[in-house]
Number of protein chains: 2
Amino acid sequence: MEFELFKFSANIRSDIFLKDPESSQLGSAIISQSINLIYDIGFEEFNFRKLSQQIGTTEATIYRYFENKHMLLLYVTSWYWCWVEYQLVLHNTNIVDYNVRLKNAIKVLTVPHDHQYADINLQNLFNIICSESCKSYLIKNVDDLNKYGVYYNYKKIVAIISDIILKVNPAYNYSHMLVTTVIEGIHHQKYFAEHLPSLTDKTDDPDYLINFYYQLAITAINLK
Amino acid sequence: MEFELFKFSANIRSDIFLKDPESSQLGSAIISQSINLIYDIGFEEFNFRKLSQQIGTTEATIYRYFENKHMLLLYVTSWYWCWVEYQLVLHNTNIVDYNVRLKNAIKVLTVPHDHQYADINLQNLFNIICSESCKSYLIKNVDDLNKYGVYYNYKKIVAIISDIILKVNPAYNYSHMLVTTVIEGIHHQKYFAEHLPSLTDKTDDPDYLINFYYQLAITAINLK
DNA sequence: CAATAATAATAGTATTACTATCATTAAACT
DNA sequence: AGTTTAATGATAGTAATACTATTATTATTG
C-alpha cells in the first residue's frame, strides 16, 4: 500500500547498538537527550556520566545500550539519515521532473522542516549533524566499522540522490562525489556561517545555500 | 627582492603555542614526530605520553610547548596552510591567466608535490590533514579560539584563492563558499577513496580529483 | 505467583590529561 | 673560567574519563 512508504521508522543496523534504544522508553530518552546534551556541550565534552545524570539513570545502564559514546554518535547520525530518507520520499513522491527532485533533495539536506519529531529536537539534531557527524567516520577504526555496515544509512542517501543525478544525465560519471561534496559542503557552510563567517558568504536570502548548491550541482551534471 | 617570496618559514600565530616549536630541535621533533604518530594511530589515540616516548623526552616537556594535543593539531594544520601558501606562490608566480592560477591552486590542494620537507613527511601530513584537520575547528570553544586568530592561516588561503576567483569573474558572489567547498571536498574525497569508496568515484586517472573540482569551480564561476 | 529480564546502586580499575617540584644539563653573559 | 639563566629530565601526584563488575531492586511476562 502506497501510504506504507510514509510511515517513518528508523532502520538502523543492529551492530551499532548493544540493545535497541527503540525498544524501551529509557532507550528513547538516551537518544533524544544525548542529542540535546551533545548540542549543549559538544561531543568532546559529552560522556555517559553526564548523560545518565541528565536522564536520571546510571552510567552502567547506558553502557547496556551502547558500547561507547562513539557508537551512540553513530546511532544518532544514522537516525538522521533515516529521517532524511523519509523526508526525501515525502517531498519527491509524484514529482516527475528530476531537476525538481534534485532541488527538493538539496532542500531537505539544508533545513529541517519540522522542529520536533516525537521527543527528538530536529533543530538540535541538525546542528550536531553539521558539527559532529563527520566524526563518526573520521576515526582510525573506520574500516572495521564499515565492514559491519554501520554507514549503511549515509550510503543509502548518497545512492538515492546519486540516482536522481543519473536520471538528469545518465552519462554523468561523478554522481557520488558530487552528492557527498554537496552534503558535506552544506554542513560546513552552516557551521562556518555561525562560527567562521569569513569562510563562507551568508546572505539575507534564507535560500542562499539551497540555491548555491543546486546551481553548482545542476551545471556540473549538465556539462558536456 | 623577488626571491624573498620563495623563502619558506611558517608564520603561525603565537597564541597557538606556549613556546615556539621552531625555536629548538626538540620543538621541531615534536612537530615532525606528532605528524607521524597521528598518521599511525589517529588523533583520538594520540596523546603526549605516547609522543614523548617516541621522541625520547617527557610528557611535561611537551606540555611546555603546547597547552594540549588539540593546540598541537592546530599548529600542525596551520603549518600545512603555511606550506600551501608557499606552494601557491611557487606555482603561480608569473602566471597571468587566472583560470590557470585557479587550476594550479586546486592542484596544490590535491597532492603534496614533495615527499619530505626538512624533517616533515609531507605525505603523512597531507593524509592527516584530510582526516583530522576539520577537528581543529569542529569543537565547542571554536569561537574563543577564533578570537585569538588561530585560524588565520586557513582563512588566508581561502582569501587568496577567493581573490583568484574574483579575477576570473568580479561579479561572482560566492567565492569563499566555493573555495571551502572545494578544499573540504578534496579532503573528503581523498578519505572516502581510501575508506568508503562507495561515497566517491575514484578513477584510474591520477588527476580525476583536480579535474572534477576545477570543472565544478570554473563552471560555477562563469555562470550568468 | 514464579520466573525472567531490566534497571538502580554502588564500587572499583586502568588510562588520560594534566600540574607541580626539583634536579640536571646546556647556553649565554660577564 | 665561572656565574647566571633557561631548558629539559625525572618523578610524583591529582582529577576526570572510560569503562567493568556485583548485587539489589523493580518491572514484565508466562
Side-chain angles (χ1 to χ4, degrees), chain A residues 14-34 37-38 40-76 119 132 135-136 138-141 144-145, chain B residues 14-34 37-38 40-76 119 132 135-136 138-141 144-145:
Chain A
S14 61
D15 298 86
I16 294 179
F17 49 78
L18 301 173
K19 176 179 158 69
D20 188 355
E22 282 192 321
S23 70
S24 73
Q25 251 191 315
L26 183 68
S28 303
I30 289 172
I31 301 310
S32 64
Q33 289 308 303
S34 65
L37 189 54
I38 292 171
D40 286 338
I41 65 176
F43 186 64
E44 273 65 40
E45 288 295 306
F46 170 85
N47 62 40
F48 282 2
R49 186 178 47 78
K50 291 174 186 171
L51 178 60
S52 68
Q53 284 166 357
Q54 177 145 333
I55 297 175
T57 182
T58 62
E59 229 178 319
T61 302
I62 297 172
Y63 274 106
R64 285 201 199 87
Y65 283 84
F66 292 100
E67 206 182 322
N68 51 49
K69 72 171 182 173
H70 182 261
M71 296 308 283
L72 198 160
L73 177 66
L74 209 43
Y75 185 92
V76 168
D119 45 359
E132 319 287 1
K135 296 172 189 171
S136 68
L138 291 176
I139 43 169
K140 206 60 191 180
N141 63 334
D144 291 329
L145 288 172
Chain B
S14 60
D15 297 86
I16 293 178
F17 48 78
L18 300 173
K19 176 178 158 66
D20 188 355
E22 282 193 322
S23 70
S24 73
Q25 252 191 312
L26 184 66
S28 303
I30 289 171
I31 302 308
S32 64
Q33 289 308 303
S34 63
L37 189 53
I38 293 171
D40 286 338
I41 65 177
F43 186 64
E44 275 65 40
E45 287 295 306
F46 170 84
N47 62 40
F48 282 1
R49 186 178 47 78
K50 291 174 185 169
L51 178 60
S52 68
Q53 284 167 356
Q54 177 144 334
I55 296 174
T57 183
T58 61
E59 227 177 322
T61 302
I62 297 172
Y63 275 106
R64 285 196 198 92
Y65 284 83
F66 293 100
E67 207 181 323
N68 51 50
K69 74 171 183 174
H70 180 261
M71 296 309 283
L72 199 160
L73 177 65
L74 209 41
Y75 186 92
V76 168
D119 45 0
E132 319 287 3
K135 295 172 190 170
S136 68
L138 292 177
I139 43 171
K140 206 60 190 180
N141 63 333
D144 291 330
L145 289 172

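In the text below, chain A, chain B and the rest are named by the order of the sequence lines, each starting its count at 1. All values below were derived from every heavy atom in this structure, side-chain atoms included, with hydrogens, water molecules and symmetry-related copies excluded.
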> What string of B, S and - do you get for nucleotides 12-30 of chain D, 5' to 3', when a contact is any protein heavy atom under 4.0 Å?
Replying inline: -----SBBBB---------

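In this structure, the side chain of A/Lys135 does not engage the main chain of A/Leu73 through any donor-acceptor pair within 3.5 Å.
Here B/Ser24 pairs with B/Leu26, B/Tyr65 under the side-chain contact (heavy atoms from CB on, under 4.5 Å) rule; sequence neighbours left out. With sequence neighbours excluded, no residue forms a side chain to side chain donor-acceptor pair (under 3.5 Å) with A/Gln53. In this structure, the side-chain contact (heavy atoms from CB on, under 4.5 Å) partners of A/Thr58, at least two apart in sequence or on a different chain, are A/Ala60, A/Thr61.
OP1 or OP2 of D/dT8 has not a single side-chain nitrogen or oxygen of B/Thr57 nearer than 4.0 Å. In this structure, A/Thr61 reaches the C/dA8 phosphate: one of its side-chain N or O atoms is under 4.0 Å from OP1 or OP2.
Whole-Å rounding puts the B/Tyr65 OH to D/dT8 C1' distance at 8 Å. B/Ile62 places its CD1 atom 18 Å from the P atom of C/dA20, with the value rounded to the nearest Å.
Legend: ring pair (Phe, Tyr, Trp, His ring centres under 6.0 Å) pairs involving residues 43-62 of chain B, not counting sequence neighbours, sorted by first then second residue: B/Phe48-B/Tyr63. Evaluation of the salt bridge (charged side-chain N to carboxylate O under 4.0 Å, His left out) test over residues 48-69 of chain B, restricted to residues two or more places apart or in two chains, returns B/Glu45-B/Lys50.
Within residues 16-34 of chain B, no residue is approached by DNA chain C to less than 4.0 Å at the level of any non-hydrogen atom.
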List, one per line, each side-chain donor-acceptor pair under 3.5 Å for residues 14-23 of chain B, sequence neighbours excluded.
| residue | atom | partner | partner atom | Å |
| --- | --- | --- | --- | --- |
| B/Asp20 | OD1 | B/Glu22 | N | 2.9 |
| B/Ser23 | OG | B/Asp20 | O | 2.6 |

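Between B/Asp119 and B/Ser32, the shortest heavy-atom contact is O-CB, 3.3 Å.
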